[in-house]
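Everything numeric here is computed off the predicted structure, so don't read it as measured data.
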Amino acid sequence: MLSTIAAAAGLFVATNIDDIVVLTVLFAVSARGSQLRAWQIVAGQYLGLITLITASFLAALGLTIVPDEWVGLLGLIPLAIGVLALVRTLRGQDDDDEAESALKAVGLLGVAGITIANGGDNIAIYTPVFRTMSTTDTLITIAVFLVLLALWCLLARIVGTNETVTEALEKVEHWLVPVVFIGLGVFILIESGTLAHIASLL
């Protein structure tokens, strides 16, 4: 059992390390009075992870799931958020809430969508793992994932709401949000093969 827990923890960290950056940015923006609430970030993360786990489990059972290149279209969600924030920043608005206004409409489902889009590779990794595990080990692994996600969110919130961090972010957040989300969206579209698939259809 301990070996299963250790393996599950390692698997979670390896496949979700990039989420820390996104989560930290989300919590930092939320802490500055954005309409995006902390509970929406946490709930969205859980909804996204549960969706990824379910898709992986179904795939492990041999059921057909959506091809990776189409899942990659979800990369358009963070890409759109980033572009919106960038446009507002380039317009040089006097309002200090460019980043917040770009994220305020995201909400729970938006965070879940970002989580799913950023976790397309998780499905490819989780599927063979679940396929080779016993039912007990699979349940233990899923439980570890859910517990560690709470720790992930807590860590990101501590960092994102730290006074030193927020003061530093205030100086660069108008550019940080667009860069993080545009970069994430482009990365997802490329890594999932979506761009290559679309190009092949043209």
Distance-minimising heavy-atom pair for Gly44 and Thr115:
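Smallest interatomic distance, heavy atoms only, reads O-OG1, 4.0 Å.
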Minimal non-hydrogen separation, Leu148 against Ala9, with atom names
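That would be CD1-CA, 3.6 Å.
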Is the closest side-chain heavy-atom distance between Val111 and Gln40 below 4.5 Å?
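Result no, sub-4.5 Å side-chain heavy-atom pair not found.
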Does any part of the side chain of Ile41, heavy atoms only, come nearer than 4.5 Å to the side chain of Leu108, both counted from C-beta?
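Not in contact.
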Out of Leu109, Leu52, Val42, Ile116, which one pairs with Leu47 under the side-chain contact (heavy atoms from CB on, under 4.5 Å) rule?
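That would be Leu109.
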Roughly how far, to the nearest 0.5 Å, is the CD1 atom of Ile50 from the CD atom of Gln45?
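So the gap between those two atoms works out to 11.5 Å.
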At what distance, to the nearest 0.5 angstrom, does OH of Tyr126 lie from CE of Met133?
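Spacing of OH (Tyr126) from CE (Met133) equals 11.0 Å.
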Using ring-ring contact (aromatic ring centres under 6.0 Å, His included) as the criterion, list what pairs up with Phe130, not counting sequence neighbours.
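Residues passing ring-ring contact (aromatic ring centres under 6.0 Å, His included) with Phe130: none at all.
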With Tyr46, which residues qualify under ring-ring contact (aromatic ring centres under 6.0 Å, His included), at least two apart?
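So Tyr46 forms no ring-ring contact (aromatic ring centres under 6.0 Å, His included) with any residue.
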Mind checking what makes side chain to side chain contact (heavy atoms under 4.5 Å, CB included) contact with [X], not counting sequence neighbours?
X: Thr136; value: Ser134, Ile140
X: Leu155; value: Ile20, Val159
X: Ala156; value: Leu23, Thr24, Phe27

Ring-plane angle category for Phe12 and Phe145, please: parallel below 30°, perpendicular beyond 60°, tilted otherwise.
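Because their plane-to-plane angle lies in the 30° to 60° range, the rings of Phe12 and Phe145 count as tilted.
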Shared hydrophobic cluster, Leu146 / Phe57 (ILVMFWY, side-chain heavy atoms < 4.5 Å):
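Looking at the clustering, Phe57 is in the same group as Leu146.
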Same cluster for Leu151 and Val13 if Ile/Leu/Val/Met/Phe/Trp/Tyr side chains link at under 4.5 Å?
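Same hydrophobic cluster.
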Asn16 backbone acceptor or donor facing Trp152 side chain under 3.5 Å
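Confirmed, Trp152 side chain pairs with Asn16 backbone.
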Sequence neighbours left out, what passes side chain to side chain donor-acceptor pair (under 3.5 Å) with Thr4? Give chain and number order.
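Partners of Thr4 by the side chain to side chain donor-acceptor pair (under 3.5 Å) criterion, ordered by chain and then number, come out as Asp137.
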Test side-chain contact (heavy atoms from CB on, under 4.5 Å) on Val22 and Val25; report intermediate values, then the result.
CA-CA 5 Å; Val22 176; Val25 171; 5.9 Å; no
